[in-house]
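Down below is the structure, laid out as structure tokens.
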Protein chains: 2
Amino acid sequence: MIKISRMADYGVLILAELAREPEALRTASGLSDTTGLPEPTVAKILKTLTGAGILRSARGVNGGYLLQKTADQIPVAAIITALDGPICLTACADGVEDSCAVRETCSLKGRWNGVNALIKSALEAMTLAELLESGTEKVQKKA
Amino acid sequence: MIKISRMADYGVLILAELAREPEALRTASGLSDTTGLPEPTVAKILKTLTGAGILRSARGVNGGYLLQKTADQIPVAAIITALDGPICLTACADGVEDSCAVRETCSLKGRWNGVNALIKSALEAMTLAELLESGTEKVQKKA
DNA sequence: CTAAATAGAACTTATTTAGTACTATAAAGG
DNA sequence: CCTTTATAGTACTAAATAAGTTCTATTTAG
Ligand code: FES
Ligand code: FES
């Protein structure tokens, strides 16, 4: 069904919430409450996003998370990559040597690369801010 | 990991083989041999692609499959849709009502639609022929 | 020192995808 | 008109992946 994982979807949801008050420290359980997503999952996503440099964290009492950059500096691609791994439609794309079973006999080795690049650049060009606002040039307008 | 299924990947591989002799009837087991893919899987894919109107089939002795249209009339999107279901990155896009658990509280209902449309149109614009040739305007050039 | 928070890893469960098997139908040829 | 070779369709099983949970360690304010 060619889709991103639920993790990435949740991730955007959480980031959207964080973007509403970019300066405030928010705890995992607090975010779980406001988003309605299960707490352990939220916590896991927050850890991952922190590791990827999208969020900053503070430990200890009164700790929590906040955005490292503003929403318009965070490409959608970065979020997806952090939570879902590399954006790469097929097993036989660039670099990935061992994944494809029929690489030897295959007549279209690496031909998907163009499609990959297309989608990747589309997701890199779009920022979290644009996703939240909708209706910018990059997104289709809806009357 | 945002990817298409192996089925779609195999499907393109099989279509590539069929496109080499667009007039010839090829059997499932024959295609399994030339592509090196497991026979039952090939047969399943061929059935699906026939149902989707991408292939034509002939039953009985000396039966087999051939392309219904030429490779430049088959959008990549059609192949993926046939084998993988609709191209729709997220659960909460247009139409899909029941999939998203947090739809009520969610602040970005349907915001992914723009991204979806972007990717979908990219895949609709690219044909099987272009995928096989590579190096056309739509695909990134590689020196 | 304690309570409240994140960090990180390991594990279990659920979901999805891939692969297999089986039955039915159709056509060609003796 | 029966046999053989092929596709059509469906249902089932197994494998892979993704999601969710749990537990332990670390950090810091009070
Ligand atoms: S399908 Fe993987 S290398 Fe061709
Ligand atoms: S995440 Fe599904 S409706 Fe918002």
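Quick note on labels: first sequence line is chain A, next is B, and so on, each numbered from 1. As the structure is a prediction and not an experimental result, all values here were calculated from the model.
The side chain of B:Ser57 contributes an N or O atom lying less than 4.0 Å from OP1 or OP2 of D:dA8. One finds no side-chain N or O of B:Arg56 lying less than 4.0 angstrom from the OP1 or OP2 phosphate oxygen of D:dT7. Dashed line: the shortest gap from a side-chain N or O of B:Tyr10 to OP1 or OP2 of C:dT17 is not under 4.0 Å. Taking side-chain N and O atoms only, B:Ser29 has no distance below 4.0 Å to OP1 or OP2 of D:dA6.
Comparing D:dT4, C:dT25, C:dT6 by their nearest atom to the side chain of B:Arg59 picks out C:dT25. Here the side chain of A:Ser5 is nearest to one of C:dA5, D:dA18, C:dG19, namely D:dA18. Looking at the side chain of B:Met7, the nearest of the listed nucleotides C:dG19, C:dA27, C:dT6 is C:dG19.
Shown for residues 39-50 of chain B: residues whose heavy atoms fall under 4.0 angstrom of DNA chain D, namely B:Lys47, B:Thr50.
Under a hydrophobic clustering in which Ile, Leu, Val, Met, Phe, Trp and Tyr are joined whenever their side-chain heavy atoms come within less than 4.5 Å, directly or via other members, B:Ile79 and B:Leu66 fall into different clusters.
Within the shown strands, D:dA29 is the pairing partner of C:dT2 under the Watson-Crick or G-U definition, both distances less than 3.5 Å.
Residue order along DNA chain D, read from the 5' end via each residue's closest nucleotide, puts B:Val61 first among B:Tyr65 and B:Val61. Nearest-nucleotide assignment on DNA chain C puts the 5′-proximal partner with A:Ala58, out of A:Ala58 and B:Gly60.
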